[in-house]
**Student:** 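Pasting a structure below so you can have a look.
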Amino acid sequence: MTYIPNTPAEQQAMLRTLGAETIEDLLGAIPAEARLPRPLDLPPAMSEPALRRHEMALAGKNLNLDEALCFLGAGSYDRLVPSVVAHLAKRSEFLTSYTPYQPEVSQGMLQATYEFQTMVCQITGMEIANASLYDGSTAVVEAALLALGPGGRGEVLVSRGVDPQYRATLATYAHARGFTLREIALENGATSTRDLHAHLGPNTKAVIVQQPNFFGVVEDMPALEGLAHTTKALFVAAITEPASLGVLAPPGAYNADIVAAEGSSLGNPIGYGGPALGLFAAKSDLMRRMPGRLVGETVDDRGQRGFVLTLQAREQQIRREKATSNICTNQALLAVFATVYLASLGKQGFRELGVQCVQRAHYAFDQLTAIPGVEPIFDRPFFDEFAVKLPKPVSKVNRTLAKHNIIGGYDLSRTYPELGKNAALFCVTEARTRDDIDQLVSALKEAVQ
Amino acid sequence: MTYIPNTPAEQQAMLRTLGAETIEDLLGAIPAEARLPRPLDLPPAMSEPALRRHEMALAGKNLNLDEALCFLGAGSYDRLVPSVVAHLAKRSEFLTSYTPYQPEVSQGMLQATYEFQTMVCQITGMEIANASLYDGSTAVVEAALLALGPGGRGEVLVSRGVDPQYRATLATYAHARGFTLREIALENGATSTRDLHAHLGPNTKAVIVQQPNFFGVVEDMPALEGLAHTTKALFVAAITEPASLGVLAPPGAYNADIVAAEGSSLGNPIGYGGPALGLFAAKSDLMRRMPGRLVGETVDDRGQRGFVLTLQAREQQIRREKATSNICTNQALLAVFATVYLASLGKQGFRELGVQCVQRAHYAFDQLTAIPGVEPIFDRPFFDEFAVKLPKPVSKVNRTLAKHNIIGGYDLSRTYPELGKNAALFCVTEARTRDDIDQLVSALKEAVQ
Amino acid sequence: MSTEPLIFEMGAPGRRAATLLEMDVPTRPLEDLVPAAALRQEDAPLPEVSEIEIVRHFTHLAERNFGVDSGFYPLGSCTMKYNPKLNEDMAALPGFARIHPLQDDATVQGAIELIYTLEQMLCEIAGMARVTVQPSAGAHGEITGLMIIKAYHESRGEGHRNVVLIPDSAHGTNPASATLADYEIREIRTDGRGGVDVEHLRELLDDKVAALMMTNPNTLGVFDENIVEIARLVHDAGGQLYYDGANANAILGLVRPGDTGFDVVHFNLHKTCSTPHGGGGPGAGPIGVAPHLVPFLPGPLPAKDADGTFHWRDAGPQSIGRVRANNGNFLVLVRAYTYIRFNGPDGLRRVSESAVLNANYLMHALKDLFTLPFDRTCMHEFVLSANQQKARGVTAMDIAKRLLDFGMYAPTVYFPLIVPEAVMIEPTETETRETLDRFIAVMRQIDQESRENPELVTHAPHTTPVGRLDQTLAARKPRLRWSPGDAPRTSEKSVPVGVSR
Amino acid sequence: MSTEPLIFEMGAPGRRAATLLEMDVPTRPLEDLVPAAALRQEDAPLPEVSEIEIVRHFTHLAERNFGVDSGFYPLGSCTMKYNPKLNEDMAALPGFARIHPLQDDATVQGAIELIYTLEQMLCEIAGMARVTVQPSAGAHGEITGLMIIKAYHESRGEGHRNVVLIPDSAHGTNPASATLADYEIREIRTDGRGGVDVEHLRELLDDKVAALMMTNPNTLGVFDENIVEIARLVHDAGGQLYYDGANANAILGLVRPGDTGFDVVHFNLHKTCSTPHGGGGPGAGPIGVAPHLVPFLPGPLPAKDADGTFHWRDAGPQSIGRVRANNGNFLVLVRAYTYIRFNGPDGLRRVSESAVLNANYLMHALKDLFTLPFDRTCMHEFVLSANQQKARGVTAMDIAKRLLDFGMYAPTVYFPLIVPEAVMIEPTETETRETLDRFIAVMRQIDQESRENPELVTHAPHTTPVGRLDQTLAARKPRLRWSPGDAPRTSEKSVPVGVSR
Ligand SMILES: Cc1ncc(COP(=O)(O)O)c(C=O)c1O
Ligand SMILES: Cc1ncc(COP(=O)(O)O)c(C=O)c1O
């Protein structure tokens, strides 16, 4: 049960070359009072096969999306991923490398990241993008921090249509960093321009709106952007469902300053929500204030094109307390997955992805709302998620659906209590066939009886 | 639904450079009467995700060894395989390459195969080994053919303790090739020296005995070898359970001339029995008559060590109708799996593998034969399989076991009708824990009630 | 790149990687269980290495190997097309990869269904009545087919037919298989258009002839225009027609061997159906047969019951018997099934059409500089002769080696045997036009080099981990395994090249 | 090796790889579903490439990248140990990889159990009361920990504490995180033995101090002998002690930060627990806290009910709130869980002991030729200065580049900042003695070269796919993405090296 190659005998020989007898002799710097006087109280070592069986049993206790039909979205999406993606992205040269500090032997990661940055720009319509952040929520935080600037004081407005977990994360950082966070109300499921107008002021540094918003509703981004830009605030588009960019106008088209998004559904396993992939794109004038790593093109001493980590003067390893962000380890490998995934879909496929989500979700919406007692909550265009009122509490309905191996919609009652106990948010991605949807409809009919 | 990269427009352009208009223009050599005048009547194309779902459903209809406790062996073994094996052996440079005809860019496969050949020698105690054959049964056929020599006439003796499928395969080839195949009877589950003696003659070219034999019984190989070598016959050791070599004397030690074995359980997926991995090892004086590919060490024009396919003058691509075998495509990738697997176990682990099989099987034997009505059939030492008589027909018992997610023993009634309807062959490898065995015992108690 | 040591030259006593389960059953001394004489005296001298050593070693070996994923692989006759990753994932599903071949049929319904459906699909593709998936590779299919033909003749009292006719362009496995089935071989000449010389065939046909084995298109990449007549002639003489399906990538949905008179067909699923070749194998070589040969197929064969369940049914009394243990290379079959279902009927036809187009595109662009022995459109591959280059001292082999310097694999060389300095090129349908254009440019450059700087070609390759290898030494003083104390074979020439590593 | 084109420079209009499901629901014009103004006008200009192009492209990129599996990776502070393949297989199980973060607890019992158990194990390893696995990496753990400390001080009416003390040897994330938590930084000097200068610490301590952040062993690889006193001083001044766990690979089972007085600890599971670093991420940065800080942890936290079921429990009213969406980098946690369970308590202790041994072994063998700023035994890593080589015109960076020529990655250079020409070496416990010996030999050779042939070193690397890259150009005229029409950056020097490829 060890990954230590050297045997005790070899270690003994090594100790001898050091003039030591035991490893204890090397640990003299540790004061005795600091030493743990007993073995760690942990479960005993397990052999590889025993551990494999143990974890297969643990994993078996989870209902997975290969076994169940998933109609749950709310920030994480059951996406179809071509086989090529993992085959390539998991290659050990990528998997087992560190941050590419030595570019001469890291051109693979660097070029893949450069391609990733480009693709993020291509789908968002933005000018530049970084090499990744932790996840969508912290990308939104970084967007706020960038907008706030050094010192970090000022006001950030966030729509109530932004993912509740993202707002919670923002609130945590707002408290610590000392900036003001205000929520913009919704009207009929979309960000209220009236309320935004009412909150905008000279101290407003950022306006954050999610597109499509948490309810799947397609926001009127040009209107909100126009309003936001009547002040000096930066307009931040948050995106949790990047597939929407296949058909919806990209943030670049509505003049967003920053895009902060969750990109893990681009080719990565859903993995209980982590690791996730924060995407961060911006206008190019924000380049030297960007958080996170950036890969740039350059030449080598033989005159060949090559890639390097660049503009590191923004980063903690150089700038320390003056860095634009504290991030170091990011989500590089997930970015490679996303790059292979997006290459694999390509121009046509990425559009088709968006189209399929919209069409399948609308079919499901029509079928579900045809069930007596199931009512749409908002009267707004939507992408691949929609909120409906059920005749019974969502938690009850979901328990019945689970018996049919269906993972039902998101229960809105905790995060949007104003919608009551019976409001559910259903998600229908490109992975759900007509038959899947019909199964949901018939199971739901039974559940609401 | 295509892996063809060039678009119709590009193909059109390519046709133009050929002075052709359509691909039909290139097919002029095919007489019209030979052309298929209609589309193939096949199921329509499926998208990758639809196909994935379809096959996951198909695979889901099979009870797999991750879900069930397997006590079935009889030539195929549920073996514990370390994770490293597939990670390395499936690397695309190995997976997607052809037979290493261009050694300068195929050193990886060639060196791995050279290491494989060496390891086969190490575990069998033989002097040389080839790069693989199709499977254990055809390896036995090749052993017989080698022993028979060009022309292929003569007599081959095969113990009734050899895997019935192997004997059936031998019989098929014997008929076509025109050699005589005779079976040596068993006594108390082991090859009868008396019967062997009775059959040996000047025309005997090969004596084939399996160790451990189909019943798991450890044969007295030195005695059989001694007898066989009183004639000019070659003594062939057939092996279906290579784990046995961890503790049993290797064929080299009892002077076998040829070893023909099934090696897929060395690190390869059991995969419903295929692809399999024929191992073939021999004394070095048989080198230039060996079937199959051989990799040898040499030097390059820069003075470096390198590896090449060698002694190709034995093979069909050079010798054509005079080749020692018709084999071309072999089981190269499975050999890489086996090489990584054996390296991973190493000297200690390989022994331990054998020890664990013996010990676990004997524990199971003791527990099972303690059940009233369950009786040992033979009174012989065994490795990890043993035959017992049950109070009921095996097929019935197995149906009950299946309800407990247990895959019961092999029903001996079809291939060894002389043992009656109630004879079962149980296999207990290193993968079965005490708890697994205890589960079998209690389920069996229920089943035989 | 430095050479990589053998795994036997690594590690240290006591090192190991894999761990087994904790021993949880009561144990007894081994000698109490197995007679001491039957026990191993010394442990097998396998390497003693740790997991990290194994991982780096085989990673380094992989880096020293070239596959289709690494670049263009125009190896004629081998159909080195792109191997879809989906196929790999399907073959790795536990429901396929982790089932025992002797499980009750009731517990492997999905596996039998897959095989059953694959057989049906292969029947339709080849135009045959029934298929068996038992054979492990093409050559195994050949011997199986020949044994069926033999059993057929015997069943009709024609067991005296002991000759198989084989064109001189045939692959080596054809004559080798015929010998294995105890046949004598008569070789048929190739005619001026690259097909079977029908006159010669007529001469060779007599009542000793059991079968004619041929590929169509043949190894020259030429479709035999006379196939219908050839079939008639062979059948009239009482012989059977065997189709070597290695070149089936040219004919999917266009021609069905069964329709053109073949009685037995083998498939190389690892060529035509894009299962990866694994550095030499595994493959799968199912064979299909015409109705009159069905009774002779090896068994068991999968069957579908009226209630929709699947099971294995034993072969009948005329069956030749099984040709290997268990039911074929199942995980290869899974890949082939995936491939066929993915492509569908139109897709398969486009595969062959595109393979033909790509081959003609290359041939057209090269035939001014390399000799084309038969100047006609080709099917999915074609053969050039490097005799012009040879005249300048540059052989087909030199050209092959030089190609490696450009990050490409080499074509098949010196085969078929009837073309001097043969260079056999099969681009396959999965290559882009850009790749083909680059190959053309490189081939033209090499021709140029053969005029201006032949040494550059004759000493190639220059950029590979090792240079040309001494085949003679390997064969004269064979070293087929490592033994303790072996020093690596190196020559005095051995000096570090360029900067040390 | 030639350079690999960008994927945007490949392909052709209309090409594609991935296929989606057949459209099987009735469709309506998009404009009927979404207002035209909200629709995308032009398709995202993603590449148009086929599957084979993608496969070869990323295979080529991988070939141009060096990982732990490729060779020795002595990158100080990064703990680039062997990443077990078992961990990868466990993280890929559908029951882990294919579950949605918002599923009902009842349907993810195995996942919550795993996280719960991992938290318990991390508590024991660090000697802390409670752990949260929410933070995504070390730096995320740092900011989370500082926010907890802030909330704690505020809860006691000490919200005025706005200073964080940080040793000058600290990693850059420490000050960056402190700024992010709105703290001012005071830097503490390192003393003559490589530890915190206790006198300076005393000077800096006052009632503004919220916390001291430190690693132990620190970035010099030195265990701070005064840790107990330091803890007492900080606590006496009302401050909290934060442990940067990046160097925890030195102390498993030997020292528990909690026992030495730390109030908050972060783990870098991607270092200590051998989850692969993925070319820069993902990681996981759980933090553990002492009992008095538990109420401030972000939530939700996993809980085990009396009936043995697991569920997520909301954090209490004093919680700082969540620091990201969902429950941490779960699949990284699976790998860490696997690693800890595999090793067990003795195994973990041996990990650290062996890491310390390997580091001292290297240090001992190199300290005659390279300057050792603090000549004492080190823990799991050590820092050399290349100032002697610098005097000969060979910098730490040159040495790093030259190492690449020998098939090794380079140590961390120019960090920690307090050592001139720093070369920070961390061999980890998973390296063989042979590898260490080879590294020693190569380092000695490079020193030799610095005397005899410094140009060889200053122009290194020579054998890598690209040579030294122009960092200034990259930063002066940043090109951070490809745009249509971009020609690759190349310089006039551009000539094919050696034989064309
Ligand atoms: C024309 C031809 N026939 C037969 C074969 C033999 O097939 P296999 O290698 O699958 O045994 C090959 C394989 O190279 C071939 O090219
Ligand atoms: C000493 C030290 N502290 C903190 C960190 C930051 O950890 P992470 O990269 O996981 O954010 C690192 C990582 O390099 C480190 O080495």
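Throughout, protein chains are lettered first and strands after them, A, B, ... in sequence-line order, and every chain is numbered starting at 1. For clarity, every value in this text was computed on a predicted model and none was experimentally measured.
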**Student:** What is the minimum heavy-atom distance between A:Glu93 and D:Ser70, and which atoms define it?
**Tutor:** CG-OG, 4.4 Å
**Student:** Select one option (side chain, backbone, both, neither) describing which atoms of A:Thr138 are under 4.5 Å from chain D's heavy atoms.
**Tutor:** side chain
**Student:** For D:Pro94 and A:Asp66, work out which heavy atoms get closest and say how close.
**Tutor:** CB-OD2, 3.8 Å
**Student:** Under 4.5 Å heavy-atom distance to chain D, tell me which part of A:Pro269 shows up: side chain, backbone, both or neither.
**Tutor:** both
**Student:** Side chain, backbone, both or neither: which part of A:Ser137 has a non-hydrogen atom closer than 4.5 Å to chain D?
**Tutor:** side chain
**Student:** Can you name the closest pair of heavy atoms from D:Thr490 and A:Arg305 and give their distance?
**Tutor:** CG2-N, 4.1 Å
**Student:** When you look at A:Gln107 and D:Thr3, which way does the side chain to side chain contact (heavy atoms under 4.5 Å, CB included) test go after all the steps?
**Tutor:** CA-CA 9 Å; A:Gln107 284 297 300; D:Thr3 55; over 6 Å; no
**Student:** Is it the backbone or the side chain of A:Tyr166 that comes under 4.5 Å from a heavy atom of chain D, or both, or neither?
**Tutor:** side chain
**Student:** Would you please name every residue forming a side chain to side chain donor-acceptor pair (under 3.5 Å) with D:Asn343, sequence neighbours left out?
**Tutor:** none
**Student:** Does any backbone or side-chain atom of A:Tyr363 lie under 4.5 Å from a heavy atom of chain D? Answer side chain, backbone, both or neither.
**Tutor:** side chain
**Student:** To check you understand the geometry: which heavy-atom pair defines the closest contact between D:Arg16 and A:Gln348, and what is its length?
**Tutor:** CD-OE1, 3.5 Å
**Student:** So for A:Ile4, is it side chain, backbone, both, or neither that comes closer than 4.5 Å to the heavy atoms of chain D?
**Tutor:** both
**Student:** Within a strict 4.5 Å, meaning less than it, do heavy atoms of the D:Asp89 and A:Glu55 side chains meet?
**Tutor:** no
**Student:** Quick check on A:Met221 against chain D: is it the side chain, the backbone, both or neither that has a heavy atom closer than 4.5 Å?
**Tutor:** neither
**Student:** Atom NZ in A:Lys322, atom CD1 in D:Ile185: separation rounded to 0.5 Å?
**Tutor:** 8.5 Å
**Student:** Is A:Met287 in contact with chain D via its backbone, its side chain, both, or neither, using a 4.5 Å heavy-atom distance?
**Tutor:** side chain
**Student:** Which atom pair, heavy atoms only, marks the closest approach of A:Ile407 to D:Gln103?
**Tutor:** CD1-CD, 3.6 Å
**Student:** Do A:Pro275 and D:Leu331 have side chains that approach each other closer than 4.5 Å (heavy atoms only, starting at C-beta)?
**Tutor:** yes
**Student:** Below 4.5 Å from any heavy atom of chain D, which atoms of A:Leu88 appear? Answer side chain, backbone, both or neither.
**Tutor:** side chain
**Student:** Enter the distance from A:Lys61:NZ to D:Ile99:CD1 here, rounded to the nearest 0.5 Å.
**Tutor:** 13.0 Å
**Student:** Nearest 0.5 Å, what's the CG-OG1 distance between A:Asn6 and D:Thr430?
**Tutor:** 10.0 Å
**Student:** When the aromatic ring centroids of A:Tyr3 and D:Phe342 are compared, is their separation below 6.0 Å?
**Tutor:** yes
**Student:** Tell me, side chain or backbone of A:Glu33 under 4.5 Å from chain D's heavy atoms, or both, or neither?
**Tutor:** side chain
**Student:** What's the spacing between A:Thr298 OG1 and D:Arg489 CZ if we round to 0.5 Å?
**Tutor:** 6.0 Å
**Student:** Is it the side chain or the backbone of A:Ser97 that comes within 4.5 Å of chain D heavy atoms, both, or neither?
**Tutor:** both
**Student:** Is it the side chain or the backbone of A:Ile23 that comes within 4.5 Å of chain D heavy atoms, both, or neither?
**Tutor:** side chain
**Student:** Write down the atom of A:Tyr114, the atom of D:Leu480, and the distance for their closest heavy-atom approach.
**Tutor:** CE1-C, 3.4 Å
**Student:** To the nearest 0.5 Å, what is the distance between CZ on D:Arg322 and OG1 on A:Thr172?
**Tutor:** 8.5 Å
**Student:** Restricting to ring-ring contact (aromatic ring centres under 6.0 Å, His included), what partner residues turn up for D:Phe8, sequence neighbours left out?
**Tutor:** D:Trp482
**Student:** Scan A:Lys347, A:Glu115, A:Gln122 and name whichever one has a side chain to side chain contact (heavy atoms under 4.5 Å, CB included) with D:Pro47.
**Tutor:** A:Gln122
**Student:** With a 4.5 angstrom heavy-atom cut-off, which part of A:Tyr98 approaches chain D: side chain, backbone, both or neither?
**Tutor:** both
**Student:** Take D:Leu20 and A:Leu345 through the side chain to side chain contact (heavy atoms under 4.5 Å, CB included) test and state the conclusion after the steps.
**Tutor:** CA-CA 9 Å; D:Leu20 297 170; A:Leu345 280 180; 4.2 Å; yes
**Student:** Can you tell me which portion of A:Leu145 sits under 4.5 Å from chain D's heavy atoms? Options are side chain, backbone, both or neither.
**Tutor:** side chain
**Student:** Checking side chain to side chain contact (heavy atoms under 4.5 Å, CB included) between A:Asn326 and each of D:Leu146, D:Thr179, D:Ile143, which is the one that passes?
**Tutor:** D:Ile143
**Student:** Less than 4.5 Å apart, side chain to side chain, heavy atoms only: is that true for A:Pro43 and D:Ile340?
**Tutor:** no
**Student:** Identify whether the distance between the nearest side-chain nitrogen and carboxylate oxygen of A:Arg35 and D:Asp259 falls below 4.0 Å.
**Tutor:** no
